[in-house]
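Worksheet: one structure, shown below.
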Amino acid sequence: MPELRWYREQSSLTDDFLLGGRPMSEFIPSFNHREIEPKWQKRWYDSQLFSGEDFGHKPKYYTLVEYPYPSGSGMHVGHFRAYMSLEVISRKRRMEGYNVLFPIGFDAFGLPTENYAIKNKIHPREITDKNIAEFMKELKAAGFSFDFSRIVDTTDPEYYKFTQWIFLKLYEHGLVYKSKTYVNFCPDCNVVLSNEESQGGVCDRCGSSVVQKEKDVWFLKITAYAEKLLEGLNDLESSQRIRVEQENWIGKSEGAYIFFPLKDTKDKIKVYTTRPDTIYGATFMVLAPEHELIKKHIKEIKNVQEIKNYQIEAKHKSEFERIQLQKDKTGVRVEGLQAINPLTGKTIPIFIADYVMITYGTGAIMAVPGHDDRDYEFAKKYGLDIVEVIAGGDLSEGAYTNTESGILVNSGIINGLDVARAKAKITNYLEENDLGEKAVQFKMKDWAFNRQRYWGEPIPLVYCRDCGIVPVPYEDLPVKLPMVKEFMPTETGESPLANIPEFVNCTCPKCNKPAKRETDTMPQWAGSSWYFLRYLDPHNPSAIAAKDKMEYWGKVDWYNGGMEHVTRHLIYSRFWNQFLYDIGEVLHREPYSKRTAQGLILGADGEKMSKSRGNVIDPMEIIESDGADTLRTYILFIGDYEMPTPWNENGVRGCRRFLDKIWRMFPKVSAITTISSKLESLVNKTIKGVGDDYENLKFNTAIAKMMTLANEFSQLDTISKQDYEILLKLLSPVASHLTEELWHMLGNESFLVEEKWPSYDPEKLMEDTIEIVININGKVRDKLVVPVDLPDSELLSRAKAQEKIKEWIGDKPIKKTIVVKNKLVNIVI
RNA sequence: GCCCGAGUGGCGGAAUAGGUAGACGCGUUGGACUUAAAAUCCAAUGUCAGCAAUGACGUGCCGGUUCAAUUCCGGCCUCGGGUACCA
């Protein structure tokens, strides 16, 4: 083989330099990942290198990534991207002397497993175990530095025992209640569907039309925590978009309740508004079709049949239709009932319309057509009065909704004020005269917490004919899922568990008489709402985690995951943690210190990866063909970590080339450890740049900087061992196997994660000389190399002395000169 | 509709306390090595004009501030994400 000969001839090393390795004559120009990677994985995992040490004396650092759902299709490149950021940070932190906890587990309850089980007549337990085993294999083949001794599996009774325990605590504290609501139901499949499964009003499975069906639903009163969840965001370091999405989800608004007397009755219509300042412009009122006052005053209503028809119509409109028909507002005037505007004293008509939601505010509004788009549209359609109360718009064109500028008019006591002042004054007035009060509303709704599914945590409640709803005693947990063969969906839309008598029938914990279990299970969000706590003490049989371990590990220092989980999962888990804090079960109100989110990896066609598009990349194929390190490097080099980026096969090859280049320069490493002065500044800059970039999720530029350094190295005849080792350390969090191999080939015996992270000398970041740009009128005309920190005056005179610059200036007078130290000279003529 | 984010070469993307636009990688072209190919190495590569030195233009569009704008300001357009008749 000619390559071997070439390497032997080129190498400045003798065979005995390779201390622990093989003789130079066996060196090949491309590393063998199939040999190297499993070798180091085995040595790392066998020596428990990545285990977080409870009560360790080093400072702790807790890195958390969103644990996967172990699907049958194995790992996705998206998983790799999601984990690689904190993989790099975790390895770096270990080198910086931290006791790192970087755990992983499985969010294994869920519909795909259940559906697969039904279709193939295999128990979900069996499927889940198989999938978890496959995921474990793949995670290890990728060389992730997870602490595999702390695996949690949400479907393990020893885990969901505590999921049920937390549910009972919520129940005990009045945060669980039952209510009726409408759910998406597929009449063909006889199954209740989530919003995700019924998008566009069509069943995800069979394509038939989804109908709304009334159901009993268990709710968790997350709205009781709305304010705290909003406030808690101040203690969560995150990007703007992550914060704003949560704020919008919670949806706090401030305004007032106002009472409008119902004419000729003792009743009042309570409305919520964010614009009490526009009350003088309220020319009619709108109630949600379901509003209770309609029922109460049905006798006075003259057009009862019309009203009832509209109510029925509204009820049968699906979510989908309501959105589709959004533009076309409908409603019915309630004949026989009228309201009085408490400020103008005028009598105004009342309507019911489905653009007012019974679930938000008070289910009734004062309509101000002059200054609300929806009210404007409605008023136009039904020919209602439009009164201008804020000057600045053109009411023949549309509602004027600007609150920044505009002065109150036609508004009695608040005339002449701006919106902000008018709001304050009118709210005061309303309160003083018992006409209304300050109020806050949230868009967030209570969390519907039950599913009609088999493969989920049973809800630990019992129905007793005598005692009513009785919680299962804590000591009887877990309520285990029965290991039965058949768990087909029922025809009635009830949970499959309802068909299993040995599960349903039980005795009442209070009176010991025969009773029946709740047959619904919890949603998939349940298990993931507290898993970060279980990692701290994953095998504790008697508590979520021991207090002293919670105290030692504290909050999650850095949590990375998908943008799609920023609203629901993040808010749900923060809710549970805050609740557990309030009842003294955890030590921090907020569970996470910092949250980041990776961007999506798209297919090579720029579209979202999906089986139907056929653009899915199997990470395991790349690990096989080019190695885990190549995949790890490319996943980070692919683009801005926080942005969506398309996959590119050639990019993978480029990363492999980069790693091979580092491998191939090994024979040029000189045993002499003197620092190469020529590269001193570049090496220092690279240490600083790579470290900073890792911390800021700029992995693409970090790798670019290491490529630049490697390119410089490859120009040299010999590379100082010290310089080369610095590069290996910087690269080790990314290409962990290759760098480990080379590190040992240099004769080192430690693992790289046990080594110290390189430090740089701030004095040596600057070169001795620097290239200055000379501008004429702001355009680059010449360049000049000068010593660093040359005084401005000297710089200017040297610039003017340049031949080209003299030509450009000619005999024109110089109007102005600008000198920026170590950067440029600009001469204005 | 509203709220975020983003628009830069053939492609992924660099560079914003305003100061050399296009780092790094991919691709392409030419060359070296080879019987040949792969691999590797060297060189070129924003567009236009020119043999060249060089010049003009160029960061979604229009305008502004400045000696100097991808970066700041005003007004748009397009794409991606979130949310949705939330009063």
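Labels below follow one simple rule: chain letters A, B, ... track the order of the sequence lines, proteins then strands, and each chain is numbered from 1.
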Check every strand shown and say whether A:Gln715 touches a base, only sugar-phosphate, or nothing at a heavy-atom separation below 4.0 Å.
sugar-phosphate
For A:Asn711, answer base if it contacts any base atom (sugar-phosphate contacts may also be present), sugar-phosphate if it contacts only those atoms, and nothing otherwise; contact means non-hydrogen atoms under 4.0 Å.
sugar-phosphate
Across all chains, not counting sequence neighbours, the side-chain hydrogen bond (donor to acceptor under 3.5 Å, both in side chains) partners of A:Arg241 are none
What do you reckon, is NZ of A:Lys381 surrounded by more than 12 foreign heavy atoms closer than 6.0 Å?
yes
Quick one, give me the B/S/- string for nucleotides 13-23 of chain B, reading 5' to 3', where B means a protein heavy atom under 4.0 Å from the base and S means that only happens at the primed atoms, P, OP1 or OP2.
SS----BBS-B
For a quick test of reading the model: is some side-chain N or O of A:Lys779 closer than 4.0 Å to OP1 or OP2 of B:G55?
no
A:Lys661 NZ to B:C41 C1', in whole Å, measures 10 Å
Test of understanding: with side chain to side chain contact (heavy atoms under 4.5 Å, CB included), list the residues that count as partners of A:Tyr376, not counting sequence neighbours.
A:Lys380, A:Ile386, A:Ala399
Considering only atom C1', compute the distance from B:C72 to B:U66 and round it to an integer number of Å.
10 Å
C1' atom, B:G46 versus B:A23: distance in rounded Å?
15 Å
With syn defined as a glycosidic angle within 90° of 0 and anti as the rest, where does B:G80 land?
anti
State whether A:Arg653 places a side-chain N or O below 4.0 Å from either non-bridging phosphate oxygen (OP1 or OP2) of B:G27.
yes
Between B:A84 and B:G74, how far is it from one C1' atom to the other, in whole Å?
29 Å
For atom P, what is the distance between B:G7 and B:U70, given to the nearest Å?
14 Å
With sequence neighbours excluded, what pairs up with A:Phe351 under the ring pair (Phe, Tyr, Trp, His ring centres under 6.0 Å) test?
A:Phe284, A:Phe378, A:Tyr382
Applying salt bridge (charged side-chain N to carboxylate O under 4.0 Å, His left out), name anything that partners A:Arg657, two or more places apart in sequence or on another chain.
none
Whether A:Asp605 and A:Arg613 form a salt bridge (side-chain N of Lys/Arg under 4.0 Å from carboxylate O of Asp/Glu) is what I want to check.
no
Take atom CG of A:Leu602 and atom C1' of B:C79, then tell me their distance rounded to the nearest Å.
13 Å
Atom pair distance, as rounded to whole Å: CD1 in A:Ile28 and C1' in B:U40
15 Å
Spacing of A:Lys380 atom NZ relative to B:C85 atom P, expressed in whole Å
25 Å
Residues at least two apart in sequence or cross-chain that pass salt bridge (charged side-chain N to carboxylate O under 4.0 Å, His left out) with A:Lys698, listed by chain then number, are A:Asp640
What nucleic acid atoms does A:Gly251 come within less than 4.0 Å of, heavy atoms only: base, sugar-phosphate, or nothing?
nothing
Compare side-chain N and O positions of A:Tyr360 against OP1 and OP2 of B:A87 and report whether any pair is under 4.0 Å apart.
yes
Report the distance from atom CG of A:Leu659 to atom P of B:C26, rounded to the nearest whole Å.
12 Å
With a 3.5 Å cut-off and just heavy-atom distances, do the side chain of A:Lys329 and the base of B:C85 make a donor-acceptor pair?
yes
Can you name the side-chain hydrogen bond (donor to acceptor under 3.5 Å, both in side chains) partners of A:Asn700, sequence neighbours left out?
none
Taking B:U59 as the reference, what is the distance to B:U54 when you measure between their C1' atoms (whole Å, please)?
24 Å
Does a side-chain N-to-carboxylate-O contact under 4.0 Å join A:Lys438 and A:Glu254?
no
Atom CH2 of A:Trp808 and atom P of B:U54: how far apart are they, to the nearest Å?
12 Å
Kindly write out the residues that satisfy side-chain hydrogen bond (donor to acceptor under 3.5 Å, both in side chains) with A:Asn650, not counting sequence neighbours, or none if the list is empty.
A:Arg653
With rounding to the closest Å, how many angstrom separate the C1' atoms on B:U8 and B:C57?
15 Å
How far apart are the C-alpha atoms of A:Trp447 and A:Tyr572, what are their side-chain angles, what is the distance that settles it, and do they pass the ring pair (Phe, Tyr, Trp, His ring centres under 6.0 Å) test?
CA-CA 9 Å; A:Trp447 176 5; A:Tyr572 291 155; 3.7 Å; yes
Could you give the distance separating B:C51 and B:C41 at their C1' atoms, to the nearest angstrom?
30 Å
To the side chain of A:Val828, which of B:C24, B:C85, B:C67 is closest?
B:C67
side-chain hydrogen bond (donor to acceptor under 3.5 Å, both in side chains) filter on A:Asn822, not counting sequence neighbours, yields A:Asp789
Please report the distance, rounded to the nearest Å, between CD in A:Gln240 and P in B:C4.
7 Å
Between A:Arg275 and A:Ser714, which is nearer to the 5' end of RNA chain B once each is assigned its nearest nucleotide?
A:Ser714
Consecutive-pair stems (at least three Watson-Crick or G-U pairs, under 3.5 Å) that include RNA chain B:
B:1-7 with B:77-83, B:10-12 with B:24-26, B:27-32 with B:40-45, B:46-49 with B:54-57, B:60-64 with B:72-76
I'd like to check the salt bridge (charged side-chain N to carboxylate O under 4.0 Å, His left out) partners of A:Asp375; sequence neighbours left out, ordered by chain and number.
none
What's A:Lys821 touching, base or sugar-phosphate or nothing? Going by heavy atoms closer than 4.0 Å.
nothing
From B:U83, B:G25, B:C85, pick the nucleotide closest to the side chain of A:Trp249?
B:U83
Using a strict threshold of under 4.0 Å (side-chain N to carboxylate O), is an ion pair present between A:Arg595 and A:Glu66?
yes
Rounded to whole angstrom units, what separation is found between the CZ atom of A:Phe442 and the P atom of B:A87?
13 Å
Mind checking the P distance from B:A38 to B:G30? Whole angstroms is fine.
13 Å
Measuring from the side chain of A:Arg657 (C-beta onward, heavy atoms only), which nucleotide among B:C4, B:G27, B:U83 has the closest atom?
B:G27
Base, sugar-phosphate or nothing for A:Met563? Non-hydrogen atoms, less than 4.0 Å.
nothing
Is A:Arg781 touching bases, backbone alone, or none of the nucleic acid, heavy atoms closer than 4.0 Å?
sugar-phosphate
Could you go through nucleotides 47-51 of chain B and list every protein N or O atom that sits under 3.5 Å from one of its N or O atoms, giving the distance for each pair?
none

